[in-house]
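See structure below.
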There are 2 protein chains.
Amino acid sequence: MGKQMTEMLKGTLEGIVLAILSKRPAYGYEITAWLRDQGFSDIAEGTVYALLVRIEQRGLVEVKKIPSEKGPPRKVYSLNAQGRKFLEEFWRTWSFLTERLEQLHKGDR
Amino acid sequence: MGKQMTEMLKGTLEGIVLAILSKRPAYGYEITAWLRDQGFSDIAEGTVYALLVRIEQRGLVEVKKIPSEKGPPRKVYSLNAQGRKFLEEFWRTWSFLTERLEQLHKGDR
DNA sequence: GATAACTACTATGCGACACTAACTACTGGT
DNA sequence: ACCAGTAGTTAGTGTCGCATAGTAGTTATC
C-alpha cells in the first residue's frame with residue numbers, strides 16, 4: 001500500500017467499515033475480503049480486526065458470535081443507534097472535506 | 001475540532017497544502033490563516049509549520065527567506081517538479097477513495 | 001517605556017491509527 | 001500427517017495532527 005493511502009485511510013477506514021455495517025451485518029474476515037475486492041489491495045488483516053475492536057468498545061456496534069461451518073466462530077457486527085449517529089457525523093465531516101478539496105482540484109489545471 | 005476531522009486530516013492536509021502551493025508560493029502563517037478562512041476553524045498553529053518542515057525535508061518544495069514588513073522574515077515555499085509529481089499522485093489516491101466512498105454513501109438511504 | 005496585539009517560526013511530548021508480523025484455532029482435502 | 005483456507009488476536013513500529021510553550025520582530029495604546 002502506498003504511504004499516501006495509509007495516511008488517508010486514517011479516519012476514513014472507520015467510516016468505510018461503519019458504512020458497510022449500516023447496510024448489513026458482517027464479520028471481520030468478510031469485510032477484509034470485500035475491501036480487497038474493492039481495490040484496497042493490501043489492507044492488512046490485523047487492521048480491520050483492530051478497528052472492529054475499537055468501534056465495539058466505543059459502543060457503536062452489536063456483536064454476535066455465530067458458529068462457522070469452516071473454521072472458528074465468526075464475530076458478526078451490526079450497527080446500533082449510536083453507530084448510525086456516528087456514521088451520519090462521519091458523512092458530514094467527509095462532505096466538508098471533499099468540498100474543500102474539489103475546490104482546490106478544480107483550479108488546478 | 002472534532003476527533004473525526006483530526007483523523008481525516010491525516011494525509012489529506014498535506015495534499016491540501018501542496019495544492020495551495022501549486023497555485024502560488026506561500027508562507028506558513030498565510031496558509032494557516034487561509035485554512036481557517038476556509039472553515040478549518042481550529043487548525044493548530046504548529047500543525048502547518050510542522051507539515052512544511054516535513055515536505056521541505058522530502059524535497060517537494062523550494063524555500064526562500066523573504067523579509068516581512070511586520071515581524072520576522074517569512075519562509076516562502078513553492079512547489080518544485082518533485083512536489084508536483086507527488087501532488088498528482090495524491091490526487092489519484094484521493095480520487096480512488098472518493099469513488100469508493102461515494103458508492104457507499106449512495107446506497108445508504 | 002511598558003504592555004498588549006499581531007506577525008512569523010520553532011520545539012517537545014502525546015494520542016490515535018494503520019501497518020507488520022507472528023500467533024492461536026478449527027475444517028477439509030491430499 | 002500435512003497444508004491451505006477460514007477466522008480472530010496480539011505486540012511492536014512509524015506517521016501525523018494536536019496541545020502547549022517559547023522566541024523574535026513590528027505596531028499601537030496607555
Side-chain angles (χ1 to χ4, degrees), chain A residues 1-18 25-36 40-58 60-61 63-77 86 90 93 97, chain B residues 1-18 25-36 40-58 60-61 63-77 86 90 93 97:
Chain A
M1 191 87 76
K3 205 173 132 304
Q4 286 193 51
M5 183 59 92
T6 292
E7 287 307 319
M8 264 190 240
L9 280 179
K10 293 187 181 176
T12 56
L13 183 59
E14 188 172 288
I16 291 171
V17 170
L18 290 175
Y27 55 97
Y29 193 82
E30 189 186 8
I31 295 173
T32 305
W34 185 85
L35 287 170
R36 294 220 168 117
F40 295 96
S41 38
D42 325 292
I43 285 273
E45 283 277 345
T47 298
V48 173
Y49 289 114
L51 196 158
L52 288 169
V53 168
R54 229 160 49 224
I55 61 178
E56 181 187 356
Q57 280 169 350
R58 284 206 229 122
L60 306 179
V61 287
V63 191
K64 269 183 200 150
K65 245 188 183 149
I66 297 186
S68 163
E69 300 116 27
K70 269 184 117 181
R74 297 166 174 165
K75 285 179 77 175
V76 175
Y77 296 81
F86 191 88
F90 170 81
T93 308
L97 246 194
Chain B
M1 191 86 75
K3 205 174 131 305
Q4 287 194 49
M5 182 59 93
T6 292
E7 287 307 320
M8 265 191 238
L9 280 179
K10 293 188 182 178
T12 56
L13 183 59
E14 187 172 287
I16 291 172
V17 169
L18 289 174
Y27 54 98
Y29 193 83
E30 187 186 8
I31 295 172
T32 304
W34 184 87
L35 286 170
R36 295 220 167 117
F40 297 95
S41 39
D42 325 292
I43 283 273
E45 284 277 343
T47 297
V48 173
Y49 289 113
L51 196 159
L52 288 169
V53 167
R54 233 157 45 223
I55 61 178
E56 182 187 355
Q57 280 168 350
R58 282 205 232 124
L60 306 178
V61 287
V63 190
K64 268 182 199 151
K65 245 188 183 149
I66 296 186
S68 162
E69 299 117 27
K70 270 183 121 183
R74 296 165 175 165
K75 285 179 76 175
V76 175
Y77 295 81
F86 191 87
F90 169 82
T93 308
L97 247 194

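When reading the values below, keep in mind they use all heavy atoms of this one structure, side chains included, and skip hydrogens, waters and symmetry mates. Residue numbers start from 1 in every chain, and the chains themselves are labelled A, B, ... in the order their sequence lines are given, proteins ahead of strands.
Contact between the side-chain N/O atoms of B:Tyr49 and the OP1/OP2 oxygens of C:dT10 is not found at any separation under 4.0 Å. Within the structure, every side-chain polar atom (N or O) of B:Arg74 is placed at least 4.0 Å from both OP1 and OP2 of D:dG25. Checking the phosphate oxygens (OP1, OP2) of D:dT15, no side-chain nitrogen or oxygen of B:Arg54 falls inside 4.0 Å. Between B:Lys75 and C:dT10 there is a side-chain N or O to OP1 or OP2 distance below 4.0 Å. Between A:Thr6 and C:dA18 there is no side-chain N or O to OP1 or OP2 distance below 4.0 Å. A sub-4.0 Å separation between OP1 or OP2 of D:dG8 and a side-chain N or O of A:Tyr27 is absent. Proximity of B:Lys3 to the phosphate of C:dC17: a side-chain N or O atom is located under 4.0 Å from OP1 or OP2.
Between the CE atom of A:Met8 and the P atom of C:dA18 there is a distance of 14 Å, given to the nearest Å. One can place CG of A:Leu97 at 12 Å from P of D:dG17, the figure rounded to the nearest angstrom. For the pair B:Glu69 CD and C:dT7 P, the computed distance is 12 Å after rounding to whole Å. What separates OH of B:Tyr29 from P of C:dT10 is a distance of 15 Å, to the nearest Å. Look at CE on A:Met5: it is 10 Å from P on C:dC19, rounded to the nearest Å. Between the C1' atom of D:dA7 and the CD atom of A:Glu30 lies a distance of 12 Å, rounded to the nearest Å. One atom, CD of B:Glu56, and another, C1' of C:dT10, lie 13 Å apart when rounded to the nearest Å. With rounding to whole Å, B:Gln4 atom CD is found 17 Å from D:dG17 atom P.
Residues B:Met8 and A:Thr93 have side chains in contact (heavy-atom distance under 4.5 Å, counting atoms from C-beta outward). Within the 4.5 Å cutoff, the side chain of A:Phe40 has heavy atoms near those of the A:Leu9 side chain.
Along DNA chain C, the nucleotide nearest to A:Glu7 and the one nearest to A:Pro73 differ in position, and the one closer to the 5' end is contacted by A:Glu7. Sequence order on DNA chain D of the closest nucleotides to A:Val53 and A:Pro72 puts A:Pro72 first from the 5' end.
Every residue two or more places apart in sequence or in another chain was checked for a side chain to side chain donor-acceptor pair (under 3.5 Å) with B:Glu30, and none qualifies. The side chain to side chain contact (heavy atoms under 4.5 Å, CB included) search around A:Pro72 returns none, not counting sequence neighbours.
Heavy atoms of A:Leu52 sit nowhere under 4.0 angstrom from any nucleic acid atom. If you check every strand for non-hydrogen atoms under 4.0 Å, A:Ser68 touches sugar and phosphate atoms only.
The side chain of A:Thr47 lies closest to C:dA18, out of C:dC26, D:dA19, C:dA18. Each of C:dC9, C:dC26, C:dA18 was ranked by its minimum atom distance to the side chain of A:Leu9; first place goes to C:dA18. In this structure, the nucleotide among D:dA7, D:dG17, C:dT7 sitting nearest to the side chain of B:Leu13 is D:dG17.
Counting distance only, with no hydrogens placed and no angle test, the side-chain atoms of B:Lys10 and the base atoms of C:dA16 include a donor-acceptor pair under 3.5 Å.
Looking at every heavy atom in both residues, A:Lys75 comes nearest to A:Glu56 through NZ-OE1, 3.9 Å.
A:Glu14 and A:Arg58 are joined by a salt bridge, as a carboxylate oxygen and a charged side-chain nitrogen come within less than 4.0 angstrom of each other.
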